[in-house]
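Encoded as structure tokens, here's the structure I'll be asking about.
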Amino acid sequence: MGKGRIIFHVDMNSFYASVETAYRPELKGKPVAIAGDPEKRKGIIVTCNYEARAKGVKTTMPLWQAYDICPNLIALKPNFNRYREASQHMFAILSEVTPFVQPISIDEGYMDLTDYSGEYSPLQLAEWIQQRLVDELDLPSSIGIAPNKFLAKMASDMKKPLGITVLRKREIQEKLWPLPIGEMYGVGKKTEEKLTQINIETIGDLAKLNVLTLKNLLGVNGERLHLRANGIDNSEVDPEAINEFKSIGNSQTFPFDTTDSNEIQQMLSQLCQSVADRMKAKQVVSENIQIMIRYHDRKTITRSRQLRDFVEHKDQINQIVLDLFYSHWNEEPIRLLGVTAQHLSHKEEVSKQLDLFNYEQEAEKEPLYNAIEQIEGKYGKEVFVNLSGYEQPKVKTSFQKDFLSNNQRKK
Amino acid sequence: MKIVINRDQLMQSIQNVMRAISPKTTIPILSGMKLEANEEEVKLTGSDSDITIESIIPKEEDGIVHIHEVIPGKVVVQAKFLPDIIKKLPEDLVEIEADGELNITIRSGKAEFTLNGQDPEEYPQLPVLQTENSFQIQTDLLKTLIRQTNFAVSTSETRPILTGVHFKLENDQLELVATDSHRLASRKIAMNEETDSLSFKNIVIPGKSLGELNKILDDSQDSIQISVSDNQILFRTKHLFFLSRLLDGNYPETSRLIPEQSKTEVKVDSKELMQTIDRASLLAKDNRNNIVKLETKENNAIEISSNSPEIGTAEEVLNTNEISGEELKISFNAKYMIDALRAIDAEEIKIQFTGAMRPFIIEPLDEGEQILQLITPVRTY
């Protein structure tokens, strides 16, 4: 890493709300929020545009409270397919510039432009990207330009919406250090609490702190944060990083706390379906299933089971989940249930021991597999795309990253 | 009751009987061993209600005196400590005495143990096997049959019937079959005329029972008598009764699973193949199915390879004696293949494949022994 790198962090501004506004231009200039199911108590603000933010509406605020402070707020249900489509389009634009694009969520990603050899300067390039996102998608974005991922990320936060910020390493004392510690990327609520307890108020305070003190307080992460606060981050822009996921989970809150077995089983069945659908979309199988039970008093337990064989279908998962649930439920009222498939493997890396009594099912497809193999041998693995991976419309998710994986895996 | 008995003889019997006694039994008295003495013999009994083993020590055999003193009687003694006590006694002679209060005293030399006994009347009565269905085979042959099939029983309780070995006697032919649904082991032998009128099927003996039986039996040419009833099977030698419950349920019809035609046939030296597969699988052992790949090559060669994504690859070309039919690429569990080759124990074998997704047959080339091993391949995505 001899010469300085040029890293972009592209961050879409209030992405969901912007996508909605792009679809319905009459919403422009009005306060718009995306909220979960408005009728039920899980109706909280997922995101809102700058007009709504100006009125004091914030993410995670309950909808009723948002209406209180902003009576003309337009609350919309999320339309994930729309967001996914916009996201794919956005990353397609970024990928035109360089193959080194690392998506980190549905609406932001890093680009490594160190080896960019086009005619534009980095600043011009950022302007060009920003303009194309506006022209083609009608979506505002902020771009941070810096010698590493951390500084780029911090830079993109500095001017919103439609900002372009260059953050050089020599500028950190002036631009980065005065920022409150809570705004530092990588510092969550817990870490912030711990740091304020030892009187760390700004990023500068952190940068000047003794590494050992930090390490004792926060472990390895403390060391990393210290480096970052000093403008050092050697992590690479890794286009594959998004594919390295470890689990797929869904959870859902009941409208009312319940002990009703029917409701519970129905909810578990739905959750299993969602998890199985998402596993199918990603072409993965799991060998460890976990359930989460949150009781009326917010006490939460997770229980998991290690399996001898890989599972992928809803029925298989559901059976394990029911078994786990009834072995661990203390019969108290339940507020929320979750199902997670862990220890995932891509199907192509997994083999299946055929069964003497039903191998015919697989054997029937043998001529097809042979044909595929021959053609792949001739033209490469890319010629076949498993269509089952595209049956996505029903997939619901709690993790934004999911939306990208399809785009990424297609290559 | 009182006996004075040779320690070695007693020890041997205790070890055999212990195989039936489970420390985890739900019936407390079955954690004990029953001792019964009469003027002719001493009988030891142990049971876990699935398996019951009786071992008999005759007073005198081939001019050798095993039991020097007898006062007839019976008692149940805690089995847990018995083997260690007897093994560590100082002298070759052991005296065991039970008084009317069920106190058991074990003496040898100057060592003395006093154990609390249990009432023998509470020990369950052994079921008396009422059957005409009896036949005999040589003990060492029975052991071979068990060795060649029992390894293939299922260890999973998802289909309990597959945890046993299926015994079938028909037309003077005895057939043993075991399968865990991934591979199948079958062995047939011709019986002598004595079994003329006898035939049975759907006799399924728990794999565990056969495993224990195999350990107890000596490799002798003496014959062992096998008696079969609806729910139990009894193996009986001169000094041993081995009674096992049978598994409930219908054993699946396995003959239809065995392919009748083949598309590729390979004849190869068994030992060389086993060693090649063993080497190739070294890197594959950590992965779930222990997969190796077999690929036919030109000039009667096959290539055995394995690929473990994060570890590395292994590859070896093996010359066979003959390959006929279609080209083939197939993946399977190396352990299943090695198990099968060990069971067959022949110099040269032939493997008949019917395609990469279908089970294949391994048999000895020399058809003197009617043994067949069937393995289902692994489908790699």
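Keep in mind that what you see is a predicted model, and the values were worked out from it rather than measured. Each chain gets a letter, A, B and so on, in the order its sequence line appears, and its residues count up from 1.
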*For the student: nearest non-hydrogen atoms of A:E236 and A:K149, plus distance*: O-NZ, 2.7 Å
*Does any non-hydrogen side-chain atom of B:V268 lie less than 4.5 Å from one of B:E272?*
no
*How about residues 357-365 of chain B versus chain A: which residues have heavy atoms under 4.5 Å apart?*
B:M357, B:R358, B:P359
*Go through the atoms of B:I258 and report whether side chain, backbone, both or neither lie under 4.5 Å from a heavy atom of chain A.*
neither
*Given a strict heavy-atom distance threshold of 4.5 Å, which part of B:S331 is in contact with chain A: side chain, backbone, both, or neither?*
neither
_Just so I know, are the side chains of B:L283 and B:T313 near enough to count as touching, which here means a heavy-atom distance under 4.5 Å?_
no
_Contact class of B:F332 relative to chain A, heavy atoms under 4.5 angstrom_ = neither
*Kindly indicate whether a cation-pi arrangement holds for B:R159 with A:F357, taking the cut-offs as under 6.0 Å to the six-membered ring centre and within 45° of the axis.*
yes
*asked:* Does B:Q275 have more than 12 heavy atoms from other residues, nucleotides or ligands lying within 6.0 Å of its CD?
replied: yes
*Against chain A, label B:R183 side chain, backbone, both or neither, depending on which of its atoms sit under 4.5 Å from a heavy atom there.*
backbone
_Heavy-atom count check: over 12 atoms from other residues, nucleotides or ligands less than 6.0 Å from A:F100 CZ?_
no
*Have A:S261 and A:Y326 got a donor and an acceptor in their side chains that come within less than 3.5 Å?*
yes
*Under 3.5 Å, is there a donor-acceptor pair between the side chain of B:E322 and the main chain of B:N300?*
no
*Check each atom of B:L374 against the heavy atoms of chain A and say whether the ones under 4.5 Å are side chain, backbone, both or neither.*
side chain
